[in-house]
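Below: the structure, in structure tokens.
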Protein chains: 2
Amino acid sequence: MGILESAVEVIGERGLCETRIADVARRAGASAALVLYYFDSKDRLLTEALTHAEDRFYLETFHELTGLERARDRLASLIDRSLPAGGSEVLGDWRLWFELWSRALRDPNVARKREALDRRWRTTIEDIVRDGQRSGEFDEVDPKDFALALASLIDGLAIQAILGDPEATPERVRRTCLEMVGRELGFEPAPSRPAKTGPVKVPAKEART
Amino acid sequence: MGILESAVEVIGERGLCETRIADVARRAGASAALVLYYFDSKDRLLTEALTHAEDRFYLETFHELTGLERARDRLASLIDRSLPAGGSEVLGDWRLWFELWSRALRDPNVARKREALDRRWRTTIEDIVRDGQRSGEFDEVDPKDFALALASLIDGLAIQAILGDPEATPERVRRTCLEMVGRELGFEPAPSRPAKTGPVKVPAKEART
DNA sequence: CTCGACATTGAATGGTGGTTCACATGGGCC
DNA sequence: GGCCCATGTGAACCACCATTCAATGTCGAG
């Protein structure tokens with residue numbers, strides 16, 4: 001496993017502040033000195049680890065969409081892959097977003113990267129909406145406004161779910177999102193359980209450690 | 001100024017990781033040893049500072065509402081006071097929320113406190129909705145569902161606004177919230193600029209430093 | 001084979017910063 | 001006045017880590 005991947009794991013477990021270079025090095029099976037050989041400072045290491053992880057998260061999710069036919073299914077899949085459902089592995093990614101946000105407040109590099117990631121994210125939503133509108137599936141709302149609203153709603157709900165708020169159960173959170181989408185775009189909220197049935201994919205990958 | 005208030009300020013400026021006991025002590029005009037005299041460890045200091053600040057934030061906002069007559073105005077005021085508009089001082093509070101979330105992932109005390117704060121927050125929204133429904137102002141939606149959705153939307157939008165995302169301008173973010181409220185509860189989105197007119201209150205307070 | 005560039009490390013180094021402690025100070029109270 | 005406790009401090013102490021460095025291993029090119 002690479003140094004960056006190790007850093008991502010450790011940050012997710014212990015948090016940004018508590019992450020020591022030695023921890024990352026041990027996880028990667030290397031010495032602390034080697035880590036500093038590639039990344040000149042701890043700051044750079046953490047910054048690159050954060051942006052690398054989120055980059056990977058976005059690409060994985062994005063790739064997942066290209067298979068679906070109907071726009072509404074792509075939107076539903078996006079939601080399912082973003083929200084922490086049972087046993088999902090997005091949990092670790094969301095933990096990193098917390099660290100990313102707080103670091104973006106002070107580190108211009110992280111701030112730039114976060115902005116790019118969020119823009120891409122909302123653009124993905126926008127594109128799906130435009131597709132759906134072209135094909136007559138969706139009502140005519142402003143795609144940009146809708147993307148901002150949906151992305152924000154997902155963020156807010158995910159925060160509660162990740163933090164284990166008892167009022168924000170995975171099903172409830174999921175339903176809230178789907179209802180908002182259906183209401184805004186003008187179609188029925190889809191069957192209540194379209195997840196679970198399809199192959200979940202990415203089951204292995206972080207198994208060892 | 002008290003030690004807790006000082007801690008809150010310093011955390012907001014430098015972030016949780018970079019906050020040193022000596023910084024807090026200097027800001028409070030005391031010695032580092034004294035800080036440890038009241039709060040036995042740095043951990044406890046940070047934890048109490050975070051929860052204290054958010055507590056205060058909630059109480060201020062809550063107090064603000066009792067003056068308004070119509071439920072829709074109370075809801076609008078809630079939104080205006082939550083979102084970072086021009087020159088507002090909620091900015092500092094949101095920065096603290098970032099730290100709170102990331103710490104709540106590992107610190108059970110912070111996790112408990114955060115849950116309580118968010119529950120109170122959503123309860124406030126619920127109560128306003130019930131009032132409005134009783135008086136016929138609002139449509140009949142499930143108050144709990146609505147509260148979770150609105151609170152989450154506000155969180156997500158505030159994150160973008162705080163981080164200075166160019167697509168999430170204060171006006172846009174505000175409009176997005178008000179439209180969602182109007183659409184869900186069934187009334188016109190209210191005049192476009194009810195802010196700015198009223199006295200903004202709390203102008204001083206963090207002036208010196 | 002030999003040279004040099006890269007990869008890698010164990011062991012210093014050095015600064016930082018949380019925590020401890022022995023010691024003031026200054027009232028309340030008998 | 002003398003005792004006690006709360007409040008407060010400066011100066012150590014000391015553990016912890018990021019960072020540096022000199023030294024070793026590796027391997028492909030000439």
Side-chain angles (χ1 to χ4, degrees), chain A residues 1-53 95-96 98-100 102-110 113 208-209, chain B residues 1-53 95-96 98-100 102-110 113 208-209:
Chain A
M1 182 174 24
I3 292 178
L4 275 182
E5 281 81 2
S6 306
V8 167
E9 282 190 17
V10 176
I11 293 172
E13 290 167 20
R14 302 166 94 97
L16 211 49
C17 332
E18 313 299 329
T19 296
R20 285 167 264 287
I21 289 190
D23 296 328
V24 176
R26 185 158 358 99
R27 179 75 52 105
S31 67
L34 189 65
V35 175
L36 268 301
Y37 174 76
Y38 287 113
F39 308 86
D40 309 305
S41 73
K42 185 188 184 179
D43 257 21
R44 195 125 63 214
L45 168 67
L46 297 183
T47 295
E48 297 214 12
L50 280 184
T51 57
H52 172 262
R95 287 171 157 236
L96 283 185
F98 291 173
E99 313 288 349
L100 190 78
S102 98
R103 187 157 250 255
L105 286 173
R106 286 120 196 157
D107 184 330
N109 290 317
V110 176
K113 192 72 183 208
R208 71 219 116 92
T209 282
Chain B
M1 182 173 24
I3 292 178
L4 276 182
E5 281 82 3
S6 306
V8 167
E9 282 190 17
V10 176
I11 293 173
E13 290 167 19
R14 302 168 94 98
L16 211 50
C17 332
E18 314 299 328
T19 295
R20 286 170 266 285
I21 289 189
D23 296 329
V24 176
R26 185 158 359 100
R27 179 77 51 106
S31 67
L34 188 65
V35 175
L36 269 300
Y37 173 77
Y38 288 113
F39 309 87
D40 309 306
S41 73
K42 185 189 184 179
D43 257 20
R44 194 124 64 215
L45 168 67
L46 297 183
T47 295
E48 298 215 13
L50 279 183
T51 57
H52 172 263
R95 286 171 158 238
L96 283 184
F98 291 173
E99 312 289 348
L100 190 79
S102 100
R103 186 155 250 255
L105 287 172
R106 286 118 197 159
D107 184 329
N109 289 318
V110 176
K113 191 72 184 211
R208 69 219 115 91
T209 283

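Sequence lines set the chain letters: A, B, ... in the order given, protein chains first and strands last, and positions in each chain run from 1. In this text, all values refer to a predicted model and were calculated from it rather than measured experimentally.
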| message | Going by the rule side chain to side chain donor-acceptor pair (under 3.5 Å), which residues pair with B/T47 if we only count those two or more places apart in sequence or in a different chain? | response | B/R103, B/D107
| said: Each nucleotide in nucleotides 22-27 of chain C should get exactly one letter: B, S or -. Can you fill that in based on protein heavy atoms under 4.0 Å? | reply: ------
| said: Could you work out, with salt bridge (charged side-chain N to carboxylate O under 4.0 Å, His left out) as the rule, every residue matching A/D23, not counting sequence neighbours? | reply: A/R14, A/R20, A/R26
| said: Check A/R106 with B/E99, please: is the shortest side-chain N to carboxylate O separation under 4.0 Å? | reply: yes
| Could you state the interatomic distance from CD1 (B/I21) to CG (B/L36), rounded to the nearest 0.5 Å? | 4.0 Å
| field | side-chain contact (heavy atoms from CB on, under 4.5 Å) against A/A30, all qualifying residues, sequence neighbours excluded | value | A/L34
| task | Would you mind listing every side-chain hydrogen bond (donor to acceptor under 3.5 Å, both in side chains) that reaches into residues 32-42 of chain B, with sequence neighbours excluded? | result | B/D40-B/R44
| field | Under the side-chain contact (heavy atoms from CB on, under 4.5 Å) test, residues paired with A/S6 that sit two or more places apart | value | A/M1, A/V24, A/R27, A/A28
| note | Bounded by its outermost nucleotides with an atom under 4.0 Å from a heavy atom of chain B, the footprint on DNA chain D reads D/dA6 to D/dG10
| remark: Minimal heavy-atom distance between A/A22 and A/A32, with the atoms involved, is CA-CB, 4.4 Å
| request: With sequence neighbours excluded, tell me which residues meet side-chain contact (heavy atoms from CB on, under 4.5 Å) with B/A49. | output: B/L4, B/A7, B/V8, B/I11
| said: I need the residues from residues 31-45 of chain B with at least one non-hydrogen atom less than 4.0 Å from DNA chain D; give them sorted by number, or say none. | reply: B/S31, B/A33, B/L34, B/Y37, B/Y38
| message | Nearest 0.5 angstrom please: B/I3 CD1 to B/L45 CG, how far? | response | 8.0 Å
